[in-house]
Protein chains: 2
Amino acid sequence: MIRITKQTDYGILLLTRLAGDPGRLFTAPELAIEATLPLPMVSKILKALARQGLLSSQRGVKGGYCLAAPAEEISVARVIEAIEGPIGITECIEEAPGECGLAEVCSVRSNWNRINRAIREALAQISLAEMGANSGSAQLVTLGNSGKGAGGASAATR
Amino acid sequence: MIRITKQTDYGILLLTRLAGDPGRLFTAPELAIEATLPLPMVSKILKALARQGLLSSQRGVKGGYCLAAPAEEISVARVIEAIEGPIGITECIEEAPGECGLAEVCSVRSNWNRINRAIREALAQISLAEMGANSGSAQLVTLGNSGKGAGGASAATR
DNA sequence: GTAAAGGGTACTGATCCGGTCCAATTTTGG
DNA sequence: CCAAAATTGGACCGGATCAGTACCCTTTAC
């Protein structure tokens with residue numbers, strides 16, 4: 001249904017919390033309470049993010065998690081990819097398992113890939129810092145229409 | 001995983017086939033053979049698209065399906081919504097079931113909604129005609145950066 | 001009237017996600 | 001050295017959703 005998973009949603013949430021107090025070390029139980037999420041869930045997500053290099057973890061009694069990079073440098077796309085793998089709307093991204101049967105299909109597929117890339121880029125342009133910001137100022141994402149007019153996107157026609 | 005369902009994928013495929021021969025009436029078995037997909041599946045999808053008004057159907061022995069509108073006027077977003085409902089990356093689009101627990105959450109959510117809208121718009125700008133086109137010429141989707149750095153895809157410009 | 005087509009619904013199997021739990025490892029502190 | 005606290009890793013189960021199928025009905029052409 002074109003949805004990110006709840007884990008990813010939670011992950012972004014937790015990361016924006018971490019971004020709010022850079023340098024500080026947060027423990028999993030602490031974050032679980034703040035976000036009113038079950039501890040095992042939070043723990044699972046933090047583990048995944050740490051494994052992917054988005055979080056630094058400190059073990060032991062005074063341990064905890066903190067961002068591995070400035071919040072401005074971590075994109076939403078990065079987080080999504082860390083938790084649920086490569087971003088792509090369609091199944092056949094680069095695989096092409098068997099025949100698609102139809103010759104026309106291939107043109108459809110290449111167009112899908114274009115859409116995939118576009119969405120990936122849109123998500124790559126949003127940083128954690130922006131997700132945490134109160135969205136006051138301007139629009140975060142501007143896409144589509146650099147020259148709208150409905151179907152017109154292509155009408156650009158070089 | 002940010003994926004459309006296979007049914008939607010098949011749906012776009014079938015529709016682009018219909019778009020290639022506007023005016024002609026296609027039967028479900030015929031399309032199933034061409035696309036090398038099981039007939040019951042194709043039939044199910046066509047039914048759904050017809051119910052949503054994207055296809056016109058003719059019953060009876062000489063019946064079949066044809067596009068209910070010019071291919072240029074049918075967007076990919078429309079097809080997705082017809083088969084799998086409203087488009088949105090996140091769960092809490094307009095629902096807000098209970099407390100999100102954290103105050104910061106709300107700002108995150110509003111930013112998500114912005115992203116949702118952006119993606120929806122991107123998909124709304126691609127028509128079936130463009131999906132069927134051999135993608136030779138220009139970029140289909142231009143998003144992100146009307147002012148941002150980064151860029152990649154937009155740099156395509158072939 | 002019969003055959004061929006769409007229309008609707010219900011059902012089943014498989015996959016994946018959400019969520020939980022437990023054992024192991026590492027570090028602090030006495 | 002030992003115990004407590006925290007992360008790490010893996011296994012596990014229930015439920016939701018999707019893919020795919022089957023059945024029965026209505027409509028139309030010949």
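Throughout, a chain's letter reflects where its sequence line sits, starting with A, and its residues are numbered from 1.
- Legend: residues meeting salt bridge (Lys or Arg N to Asp or Glu O under 4.0 Å) with A:Glu73, ordered by chain and number and at least two apart, are absent.
- Listed by first and then second residue, the salt bridge (Lys or Arg N to Asp or Glu O under 4.0 Å) pairs that reach into residues 18-31 of chain B are B:Asp21-B:Arg24, B:Arg24-B:Glu30, sequence neighbours excluded.
- Scored by the side chain to side chain donor-acceptor pair (under 3.5 Å) test, B:Glu81 finds no partners at all (sequence neighbours excluded).
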Could you go through nucleotides 15-18 of chain C and list every protein N or O atom that sits under 3.5 Å from one of its N or O atoms, giving the distance for each pair?
| from | atom 1 | to | atom 2 | distance (Å) |
| --- | --- | --- | --- | --- |
| C:dG18 | OP1 | A:Lys6 | N | 2.4 |

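- If you measure from atom CG of A:Leu18 to atom P of D:dT7, you get 11 Å, rounded to the nearest angstrom.
- Using a distance-only test at 3.5 Å, with no hydrogens or angles considered, no donor-acceptor pair links the side chain of A:Gln7 to the main chain of A:Ile83.
- Applying the side-chain hydrogen bond (donor to acceptor under 3.5 Å, both in side chains) test to residues at least two apart or on different chains, none of the pairs has a partner in residues 48-60 of chain B.
- Between the base of C:dG6 and the side chain of B:Lys47 there is no donor-acceptor pair shorter than 3.5 Å.
- Rounded to whole angstrom, the span from the CD1 atom of B:Ile80 across to the P atom of D:dC18 amounts to 14 Å.
- Rounding to whole angstrom units, CZ of residue B:Arg3 and P of D:dA16 are separated by 23 Å.
- With C:dG7, D:dT7, C:dT20 as the choices, the nucleotide that has an atom nearest any side-chain atom of A:Pro38 turns out to be C:dT20.
- When the C1' atom of D:dT7 is taken as reference, atom CG of A:Leu46 falls 10 Å away, rounded to whole Å.
- Contacts between residues 50-62 of chain B and DNA chain D, defined by a heavy-atom separation under 4.0 Å, are made by B:Arg59, B:Gly60, B:Val61, B:Lys62.
- Straight-line distance from the CD atom of B:Glu30 to the P atom of C:dA4: 16 Å, rounded to whole Å.
- A donor-acceptor pair under 3.5 Å is formed between the side chain of B:Glu130 and the backbone N or O of B:Ser127.
- Cluster membership for A:Leu18 and A:Met41, using ILVMFWY side-chain heavy atoms within less than 4.5 angstrom, is shared.
- The interatomic distance linking A:Leu39 (CG) with D:dA6 (P) rounds to 10 Å, in whole Å.
- Rounded to an integer number of Å, the gap from CG of B:Asp9 to P of D:dG20 is 11 Å.
- Counting only N and O atoms by type, the side chains of B:Thr90 and B:Asn116 include a donor and acceptor under 3.5 Å apart.
- Annotation for B:Leu54 and B:Ala82: closest pair CD1-CB, 3.6 Å, computed over non-hydrogen atoms.
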